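In what follows, a structure is listed as structure tokens, so that the remarks can point back to it.
A quick note: this is a predicted structure, and the numbers were derived from the prediction, not measured.
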Amino acid sequence: MNRHFSDDELLDLLYGLAGNDDHLENCPECAARSAAFEKRRRELAQPEPASAQFLAAQRRAIYSRLGEQPRTRMKWAPALAAVCLLVIGFVVYRPMAVPPVHSDAADAKLFSDVYSMEQSTEPQAAAPIHELFEDNQ
């Protein structure tokens, strides 16, 4: 290849978007430009240290340019959250249905039926056989 790589082609090579070409091995000018791009990329990838005072000063400068004062913390936010939870609770709350009231007569009949079944000497499996032999009147 007799022409040099453009900046776009070098960037494609740097970020792996183009295949590796042996032109960089043969052309010292393109290799130097590619090395400069790689060096700049590494420099930009390094995070800059920032102190808390620097960040606070930046924040104050932004607020002053906006013409606002920094907002104080919302002290009423927990109370608002509690009220919202109460309102949601009242909206979602469904009271349980009242269980049916049993009368004493129904309980007495149940107990007498259970007692009669218990006191019977005849097995329970014999009851259908008796119905076969009963006269239909």
Side-chain angles (χ1 to χ4, degrees):
M1 176 176 216
N2 55 5
R3 70 173 185 86
H4 295 292
F5 281 148
S6 68
D7 288 345
D8 290 335
E9 291 171 329
L10 286 174
L11 286 174
D12 288 345
L13 283 172
L14 177 67
Y15 288 103
L17 300 175
N20 197 0
D21 198 338
D22 58 348
H23 176 73
L24 288 178
E25 296 172 4
N26 298 332
C27 179
E29 184 180 338
C30 289
R33 287 178 43 224
S34 177
F37 281 176
E38 286 183 34
K39 179 182 175 192
R40 183 67 178 145
R41 179 182 178 197
R42 279 193 302 267
E43 289 172 359
L44 292 175
Q46 295 297 323
E48 291 188 27
S51 66
Q53 292 84 10
F54 173 74
L55 294 175
Q58 251 187 352
R59 192 175 311 114
R60 284 191 298 272
I62 290 170
Y63 284 133
S64 67
R65 279 186 276 158
L66 291 174
E68 298 178 4
Q69 293 297 323
R71 284 189 250 173
T72 58
R73 297 183 121 185
M74 296 185 294
K75 294 179 183 177
W76 46 269
L80 179 65
V83 168
C84 289
L85 286 175
L86 281 174
V87 168
I88 290 172
F90 284 125
V91 169
V92 174
Y93 174 71
R94 301 273 185 240
M96 289 179 41
V98 177
V101 177
H102 296 289
S103 66
D104 289 337
D107 286 342
K109 178 159 177 33
L110 174 69
F111 289 136
S112 69
D113 289 345
V114 169
Y115 183 73
S116 68
M117 286 172 41
E118 178 68 27
Q119 294 301 321
S120 174
T121 58
E122 183 177 288
Q124 202 173 15
I129 295 173
H130 284 291
E131 290 188 21
L132 288 174
F133 295 107
E134 286 183 4
D135 291 333
N136 291 337
Q137 297 174 356

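By the side chain to side chain contact (heavy atoms under 4.5 Å, CB included) test, Leu55 pairs with Ala50, Gln58, sequence neighbours left out. Residues forming a side-chain hydrogen bond (donor to acceptor under 3.5 Å, both in side chains) with Gln46 (at least two apart in sequence, or on another chain): none. In this structure, Asp8 has no side-chain hydrogen bond (donor to acceptor under 3.5 Å, both in side chains) partners at least two apart in sequence or on a different chain. Arg40 meets the side-chain hydrogen bond (donor to acceptor under 3.5 Å, both in side chains) test with Glu43; sequence neighbours excluded. With sequence neighbours left out, the salt bridge (charged side-chain N to carboxylate O under 4.0 Å, His left out) criterion links Asp7 to Arg33. Residues satisfying the side chain to side chain contact (heavy atoms under 4.5 Å, CB included) criterion with Ala56, sequence neighbours excluded, are Arg59, Arg60. Taking Tyr15 as the reference, Leu11, Leu17, Arg41 meet the side chain to side chain contact (heavy atoms under 4.5 Å, CB included) condition, with sequence neighbours excluded. The side chain to side chain contact (heavy atoms under 4.5 Å, CB included) check on Leu80 picks up Trp76, Cys84, with sequence neighbours excluded.
Other cluster members for Ile88: Val92, joined by side-chain heavy-atom distances under 4.5 Å among Ile, Leu, Val, Met, Phe, Trp and Tyr. Think of Val114 as one node in a network of Ile, Leu, Val, Met, Phe, Trp and Tyr side chains linked at under 4.5 Å; its network also takes in Leu110.
Each of Leu13, Leu10, Leu14 was evaluated against Ser34; a single residue qualifies, Leu10, per the side chain to side chain contact (heavy atoms under 4.5 Å, CB included) test.
The SG atom of Cys30 sits 9.0 Å away from the CZ atom of Arg3 when rounded to the nearest 0.5 Å.
Scanning all heavy atoms of the two residues, the minimum distance from Ala31 to Leu24 falls at CB-O, 3.4 Å. Considering all non-hydrogen atoms of both residues, Glu9 and His4 come closest at OE1-O, 4.3 Å.
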